Amino acid sequence: MNTNKDTQIDEEQLAKMRHSAAHVLAEAVLEMFPEAKYAIGPSIETGFYYDFDLPRSLTPADLIILQKRMKKSVKRNVPITGEQISKNEAKKIFAKQPYKLELIDDIEGDTVGHFMHAKFEDLCRGGHAASTGQVGSFQLTHVAGAYWKGDEKNPMLQRIYGALFATQEELESYLTAREEAAARDHRRLGKELDLFFLDPISPGSPFFLPGGTYIYNELTDFLRELYVTYGYDEVITPQLFDSKLWKTSGHYDNFHGDMFLVPIDEQEMGIKPMNCPGHCVLYGHTRHSYRELPIRLAEFTRLHRNERSGVLHGLTRARSFSQDDAHIYCTPEQLHDEIAKLFDMTKEIYSVLGLENLTMYVATRGKNFIGNPKDWDVAEQLLMDSVKNAGFKYEVSEAEAAFYGPKIEMHLKDALNRSWQLGTIQLDQAMPERFNLRYISNDGSEQQPTMIHRALLGSLERFIGIYLEFTAGKLPFWLSPTQLIIIPITDKHIDYCYEVQSEYKQSMINAIVDDGSERMGAKIRNAQIKKIPYMFIVGDQEMESNTVAVRTRNGDDLGQIKREDILATLIQLKQTRTIELIANTSEKQ
RNA sequence: GCCGGUGUAGCUCAGGGGUAGAGCAGCUGUUUCGUAAACAGCUGGUCGUGAGUUCGAGUCUCACCGCCGGCUCCA
């Protein structure tokens with residue numbers, strides 16, 4: 001039930017409230033620091049922020065003070081008014097505000113918006129609540145550094161973030177949800193479930209424990225099955241290449257800062273950040289007929305990128321990672337169908353994983369690019385048509401393409417609503433040109449193939465990270481490192497447990513026996529914490545009737561089930577890669 | 001890389017100039033139990049690293065490293 005039915009707040013109104021709260025925040029900051037320089041303060045998805053140039057760094061205590069001052073301003077409930085004024089007039093008003101002066105010059109036209117409430121005035125395009133009393137419920141959350149105009153060459157300002165919602169209830173539920181999201185953080189789950197860890201001895205390079213490795217291998221097994229049906233050939237290429245290769249590919253000029261370069265004897269070599277140049281060498285190693293095309297080369301080997309220290313983030317942003325990478329070499333005529341197949345494959349993969357909420361972006365040519373602009377235009381249009389034909393909605397991200405071609409990006413959000421790019425499909429005419437790749441056409445002439453770079457899950461590390469957050473660690477049966485734990489009620493049931501376990505091992509289901517001296521309740525609790533999909537409880541009754549008592553990690557008690565029946569069910573669950581656990585097998589019979 | 005925060009046992013954290021602590025985990029016993037924590041004992045730390053201040057430094061200063069939140073950059 002909506003408690004405020006008289007005041008249904010839509011997104012637009014909410015944005016106005018958030019933007020107004022930013023003004024109230026700036027007012028409070030200026031009261032506290034009269035010499036403060038203020039920059040910009042927009043509304044964002046869950047609230048607002050405002051950037052300031054201040055004489056000292058803010059502390060958490062400052063936020064409490066600022067919030068109190070803001071609440072006072074809200075209580076005074078003064079009207080927020082605005083008007084258009086001439087740029088000259090505005091420059092007088094903001095004479096001591098360098099950031100505002102710069103913004104005035106940036107704005108097109110002769111006039112700018114001038115908004116004020118009480119004594120506070122701001123340069124602003126508008127969109128406000130009527131008064132400070134109508135900004136909703138908010139809380140200042142944190143301070144962070146942010147470059148002026150988002151450019152790292154500019155000075156760094158202090159950005160104060162606030163959460164804001166129409167009602168106190170919504171604000172509180174947002175703040176609670178944020179706290180709960182921490183429990184789904186893949187870095188935390190990685191520790192709790194013994195999947196992986198990171199050690200300062202190699203920053204940004206995860207150690208995969210047996211459990212994490214199991215997930216990784218199950219994913220690649222799944223992809224390899226699809227590679228058979230979709231006609232891919234898996235290859236393995238070197239890790240380390242003479243810098244000549246990176247100069248040919250263009251990486252040396254465009255990706256230099258992100259590469260690990262090492263001197264070896266008299267030459268410089270580079271550890272591969274991508275597989276494409278190696279695949280081009282492999283393609284160019286032999287002559288190809290048009291009859292062989294498309295050639296689809298897949299590779300899972302490790303890539304290394306020298307990510308700047310401040311951006312590393314668990315599995316989702318690592319220096320060492322691998323991709324479900326492949327490069328497709330085809331004729332221009334085949335391009336359209338190849339891309340359509342890629343979307344079929346994408347849909348197949350993501351539907352098995354239960355991820356239906358991919359956001360697609362088409363990224364267009366940026367400042368750094370190789371090749372000619374006309375080819376880019378054609379390629380960009382082809383991608384937009386293809387993604388539409390595949391039934392996906394998409395957005396355009398201007399100037400976000402890789403340097404060698406436009407791309408489709410598939411994004412998903414993590415537990416804290418941060419968006420990450422997973423899969424990508426990229427078109428490339430430039431690299432075949434640079435590597436002088438050819439195929440013999442049906443008229444005997446040499447032609448240049450088109451190249452598609454594609455990774456559908458993207459980085460496997462990043463994917464595993466995001467997927468852990470999506471599932472809160474309750475992985476589907478087939479991806480669970482431990483699928484089944486068998487719990488004896490007393491020691492005399494242990495032999496029977498091991499007997500059951502050996503059946504499962506033979507069927508390639510990962511079952512363990514908890515033969516410790518704890519009580520059954522404690523063992524169940526531990527299994528629950530480890531999010532093991534199934535628990536079999538075994539006591540006298542089960543031994544006598546040749547059954548096991550089945551319980552799921554969701555707390556469902558399925559009762560006693562014949563050993564052969566539940567085994568068949570679980571084998572099927574694994575083979576079909578079913579996402580949900582079977583809550584009650586009796587319904588099936 | 002930049003701004004801010006932070007670093008004490010495997011994990012979560014207390015201790016803020018004067019003998020390094022708790023819970024959980026681990027180990028050893030005891031307990032043999034029917035669906036989310038049995039009991040007892042024991043082990044475990046160059047307090048991120050290095051300098052400095054001090055009679056004395058987890059504690060104060062500085063530098064470096066890692067991590068966390070942003071910014072920038074990207075799968």
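Please read all numbers here as calculations on a predicted model, not as lab measurements. So that the names make sense, note that chain A is the first sequence line, chain B the second, and so on, each numbered from 1.
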Problem set entry | From CA spacing to verdict: ring-ring contact (aromatic ring centres under 6.0 Å, His included), F197(A), F207(A) | CA-CA 5 Å; F197(A) 68 92; F207(A) 286 70; 4.5 Å; yes

For this session: Go through the steps to decide whether F392(A) and F343(A) satisfy the test ring-ring contact (aromatic ring centres under 6.0 Å, His included), and finish with yes or no.
Result: CA-CA 9 Å; F392(A) 288 102; F343(A) 281 111; 5.8 Å; yes

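In a base pair of the Watson-Crick type (N1 to N3 plus N6-O4 or O6-N4) or a G-U wobble (N1-O2 and O6-N3), with each distance short of 3.5 Å, rC39(B) is matched with rG29(B). Remark: rA14(B) base-pairs with no nucleotide; criterion is Watson-Crick or G-U wobble with both hydrogen-bond distances under 3.5 Å. Nucleotide rC47(B) forms a pair with no other nucleotide shown, judged by Watson-Crick or G-U wobble geometry with both contacts under 3.5 Å.
Nearest nucleotide to the side chain of R187(A), out of rG66(B), rG69(B), rU35(B): rG69(B). Looking at the side chain of M520(A), the nearest of the listed nucleotides rG34(B), rG66(B), rC33(B) is rG34(B). The side chain of R525(A) lies closest to rA37(B) when the candidates are rG34(B), rU32(B), rA37(B). Among the nucleotides rG66(B), rG34(B), rA36(B), the one closest to the side chain of E542(A) is rG34(B). Out of rA36(B), rC67(B), rU32(B), the shortest distance to the side chain of L312(A) is found at rC67(B).
Classification of D258(A) and R308(A) as a salt-bridged pair fails, no side-chain N sitting under 4.0 Å from a carboxylate O. A salt bridge does not link K407(A) with E400(A): every distance from a Lys NZ or Arg NE/NH1/NH2 to an Asp or Glu carboxylate oxygen is 4.0 Å or more. Using a 4.0 Å cut-off between charged nitrogen and carboxylate oxygen, R56(A) and D62(A) count as a salt-bridge pair. For the pair K149(A) and E102(A), the salt-bridge criterion is met [side-chain N within less than 4.0 Å of a carboxylate O].
At distances below 3.5 Å, not a single donor-acceptor pair connects side-chain atoms of R551(A) with backbone N or O atoms of L558(A). Not a single donor-acceptor pair under 3.5 Å links the side chain of D53(A) to the backbone N or O of L157(A).
Comparing the C1' positions of rA40(B) and rU31(B) gives an interatomic distance of 11 Å, to the nearest angstrom. Across rC71(B) and rC64(B), the matching C1' atoms stand 23 Å from one another, rounded to whole Å.
Aromatic rings from F536(A) and Y504(A) are positioned such that their centres are separated by under 6.0 Å.
Heavy atoms of A522(A) sit under 4.0 angstrom from primed sugar atoms or phosphate atoms, though from no base atom. At the heavy-atom level, K191(A) lies under 4.0 Å from the strands shown only through sugar-phosphate atoms.
Within residues 47-61 of chain A, the residues that place at least one heavy atom under 4.0 Å from RNA chain B are, in residue-number order, S57(A).
Dashed line: the shortest gap from a side-chain N or O of R519(A) to OP1 or OP2 of rU35(B) is not under 4.0 Å. In this structure, R188(A) does not reach the rC67(B) phosphate: none of its side-chain N or O atoms is under 4.0 Å from OP1 or OP2.
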Exercise. What is the per-nucleotide protein-contact pattern of nucleotides 70-75 of chain B, from the 5' end, where B denotes a base atom under 4.0 Å from a protein heavy atom, S denotes such proximity for sugar-phosphate atoms only, and - denotes neither?
Worked result: BBBBBB

